[in-house]
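Working notes, beginning with the structure itself.
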There are 2 protein chains.
Amino acid sequence: MAKEKDNKTEKAILEAALKVFTEKGFAAARMDDIAKEAQINRALLHYYFRSKDKMFDLIFSQRISEFLSGIALQIFSEKSLEDKITGIVDHEINTLSAHPYLPIFIFQELTQNPERIVQHAKNVGAHPGDMLKKFSLQVNEEIKKGTIRSVDPIQLFMNIMSMAIYPFVARPIIKMMLEFDDAGFNKLMKKRKEAVTDFIYKSLRP
Amino acid sequence: MAKEKDNKTEKAILEAALKVFTEKGFAAARMDDIAKEAQINRALLHYYFRSKDKMFDLIFSQRISEFLSGIALQIFSEKSLEDKITGIVDHEINTLSAHPYLPIFIFQELTQNPERIVQHAKNVGAHPGDMLKKFSLQVNEEIKKGTIRSVDPIQLFMNIMSMAIYPFVARPIIKMMLEFDDAGFNKLMKKRKEAVTDFIYKSLRP
DNA sequence: CCATAGTTTAACTTAATTGTTAAATAATAT
DNA sequence: ATATTATTTAACAATTAAGTTAAACTATGG
């Protein structure tokens with residue numbers, strides 16, 4: 001089993017690390033958990049990645065970059081404002097339905113280490129502040145054209161991200177309130193895509 | 001300094017525990033941190049509260065109960081739908097402006113221990129599921145009356161909570177994107193109270 | 001003033017976890 | 001076939017944190 005050109009063990013470890021880190025957070029994650037999840041032993045973990053910190057940095061920078069670039073991709077596309085909003089909502093709900101633990105993981109670790117984002121933000125190419133500027137510009141154009149009512153673009157942007165992402169943060173409470181299992185929750189989120197975009201467009205009517 | 005009728009040390013410890021637990025989460029919180037924050041030593045911590053787990057349970061159940069009962073208070077009030085929505089948004093943003101780490105703390109710990117909520121939910125009196133039913137009833141009444149357009153009450157409820165709470169979850173990213181410090185962020189949240197209620201009412205126009 | 005509850009200090013135990021290492025074994029590329 | 005890489009095993013060192021304990025000290029209510 002030597003010299004695998006397809007490095008499947010490395011992949012298995014990274015997958016396992018992603019799962020354990022996102023589900024438990026850095027502090028509560030155990031190297032043993034990751035090893036078990038990857039179906040190998042702790043020694044091999046250190047054979048591939050030297051330390052817990054190194055593994056975490058790798059996983060975290062991947063996730064934060066993907067999170068930011070996913071939004072950037074929509075914002076800097078050539079779509080109409082309406083299509084962009086739909087694009088953002090659909091993209092977030094689709095992504096998080098597959099990885100519901102991601103937002104809490106990202107925000108929990110970011111809260112404890114806010115400097116981290118500054119470094120990783122650069123990987124995305126554009127400065128994250130530019131996304132908001134670009135978005136604001138397009139919103140103000142539509143207001144001037146009269147296609148939407150007057151609205152603060154920054155508050156609008158927060159509204160869009162909030163409604164798309166928050167339910168995954170509050171997932172345990174929502175599941176309890178509605179007595180839903182995972183399947184029920186995912187169905188609700190699928191319906192939610194249209195509910196959210198509709199709610200936004202309706203609000204933006206002049 | 002014996003036989004203090006005002007148990008100021010106990011209060012100092014609980015305040016410190018709240019701060020450290022909410023900022024770092026259970027796993028990363030250190031008893032030493034709490035002791036230092038309360039300006040006492042670790043021995044005295046165990047003199048008052050036997051273990052880290054006991055302290056955490058106390059803090060956590062306080063917070064989750066307050067979170068749920070804060071919402072319940074609004075939902076079961078005698079206000080009009082519009083005033084309730086304003087009440088919820090104002091209450092959440094006011095509370096979280098003073099305790100911005102609360103939501104991530106609650107959801108992070110709840111995600112890792114979803115059974116917890118079932119027990120604490122009972123402390124609130126009403127079953128949390130009843131809140132949604134009560135809210136849905138009132139929304140459907142307004143729809144029938146024609147004062148608001150047709151809308152799924154559950155999605156509406158998620159929208160309200162999302163827009164009020166999510167910015168505090170995403171606080172580090174928002175602060176970075178806008179290059180805001182704490183004061184700037186709080187001003188933004190103050191403005192946001194009206195922005196959110198306005199956004200909702202505008203969307204609900206028939 | 002003195003018994004009592006509060007508090008500190010410091011040393012200690014215990015347990016958990018990360019990280020290391022050496023030696024043995026398995027698989028495979030050349 | 002053999003050199004090389006991958007993997008396991010198992011024991012160990014180092015570190016960190018929680019929790020305990022005893023002794024001494026402090027403040028104060030009665």
Side-chain angles (χ1 to χ4, degrees), chain A residues 1-62 101 105 108-109 111-113 116, chain B residues 1-62 101 105 108-109 111-113 116:
Chain A
M1 218 191 289
K3 277 183 180 166
E4 302 257 3
K5 44 190 162 248
D6 56 342
N7 39 4
K8 71 169 190 183
T9 301
E10 198 175 325
K11 275 183 192 169
I13 293 175
L14 285 174
E15 242 179 80
L18 174 65
K19 185 165 188 243
V20 173
F21 276 134
T22 51
E23 284 182 13
K24 306 207 171 187
F26 177 79
R30 298 285 161 254
M31 293 300 267
D32 261 345
D33 298 339
I34 298 174
K36 266 180 202 152
E37 182 68 35
Q39 302 191 43
I40 52 154
N41 50 50
R42 240 177 39 254
L44 197 59
L45 229 54
H46 287 90
Y47 177 82
Y48 276 91
F49 306 91
R50 244 162 291 183
S51 71
K52 188 182 179 185
D53 288 275
K54 285 213 174 63
M55 287 193 65
F56 179 81
D57 282 344
L58 208 64
I59 298 290
F60 185 76
S61 63
Q62 276 176 8
Y101 296 103
F105 169 68
Q108 158 83 1
E109 302 299 342
T111 298
Q112 275 174 68
N113 237 327
R116 272 196 152 119
Chain B
M1 219 189 289
K3 278 185 180 169
E4 300 258 7
K5 42 189 164 244
D6 56 339
N7 39 6
K8 70 170 191 183
T9 301
E10 198 174 327
K11 275 183 190 169
I13 293 175
L14 284 174
E15 241 180 81
L18 174 64
K19 185 165 190 243
V20 174
F21 277 134
T22 50
E23 285 182 12
K24 305 206 172 187
F26 177 80
R30 298 285 160 255
M31 293 299 267
D32 261 345
D33 297 340
I34 298 174
K36 265 179 202 155
E37 182 69 35
Q39 302 191 45
I40 52 154
N41 51 51
R42 239 176 39 254
L44 197 58
L45 229 54
H46 287 89
Y47 178 83
Y48 276 90
F49 306 89
R50 242 162 293 184
S51 71
K52 187 184 180 185
D53 288 275
K54 285 215 174 64
M55 287 193 65
F56 179 80
D57 282 345
L58 209 65
I59 299 291
F60 185 75
S61 64
Q62 277 177 7
Y101 296 102
F105 169 69
Q108 158 83 3
E109 302 299 341
T111 299
Q112 274 172 69
N113 238 328
R116 274 196 150 121

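Residue numbering restarts at 1 for every chain, and letters A, B, ... go by the order of the sequence lines. The basis for the numbers below is simple: all heavy atoms, side chains too, and nothing from hydrogens, waters or symmetry mates.
A:Leu44 has its CG atom 15 Å from the C1' atom of C:dT21, to the nearest Å. In this structure, the CD1 atom of A:Ile13 is 11 Å from the P atom of D:dA6, given to the nearest Å. Taking atom OH of B:Tyr48 as the reference point, atom P of C:dA5 lies 12 Å away to the nearest angstrom. Between A:His46 atom NE2 and D:dA6 atom P there is a gap of 18 Å when expressed in whole angstrom units. At whole-Å resolution of the value, NZ in A:Lys52 and C1' in D:dT15 are 13 Å apart. Atom P of nucleotide C:dG19 and atom CZ of A:Arg50 are separated by 12 Å, given to the nearest angstrom. The CG atom of B:Leu45 sits 13 Å away from the C1' atom of C:dT8 (whole-angstrom rounding). The interatomic distance linking A:Phe56 (CZ) with C:dT18 (C1') rounds to 16 Å, in whole Å.
In summary, the aromatic rings of B:Phe21 and B:Phe105 are positioned with their centroids too far apart to meet the 6.0 Å limit.
Nearest heavy atoms, A:Ala27 versus A:Lys52: O-NZ, 4.0 Å. Across every non-hydrogen atom of A:Ala35 and A:Leu45, the tightest pair is N-CD2, 4.1 Å.
Side-chain nitrogen and oxygen atoms of B:Thr9 include at least one within less than 4.0 Å of the OP1 or OP2 phosphate oxygen of C:dT7.
Picking from D:dA18, C:dT20, C:dA5 the nucleotide with the shortest atom distance to the side chain of B:Tyr47 gives C:dA5.
Taking 4.5 Å as the limit, every side-chain heavy atom of B:Lys19 sits out of range of all side-chain heavy atoms of B:Tyr101. Between B:Arg30 and B:Val20, every side-chain heavy-atom pair lies at or beyond the 4.5 Å cut-off.
At distances below 3.5 Å, at least one donor-acceptor pair connects side-chain atoms of A:Glu109 with backbone N or O atoms of A:Phe26.
Within residues 25-43 of chain A, the residues having any heavy atom under 4.0 Å from DNA chain C are, by residue number, A:Ala29, A:Arg30, A:Met31, A:Arg42, A:Ala43.
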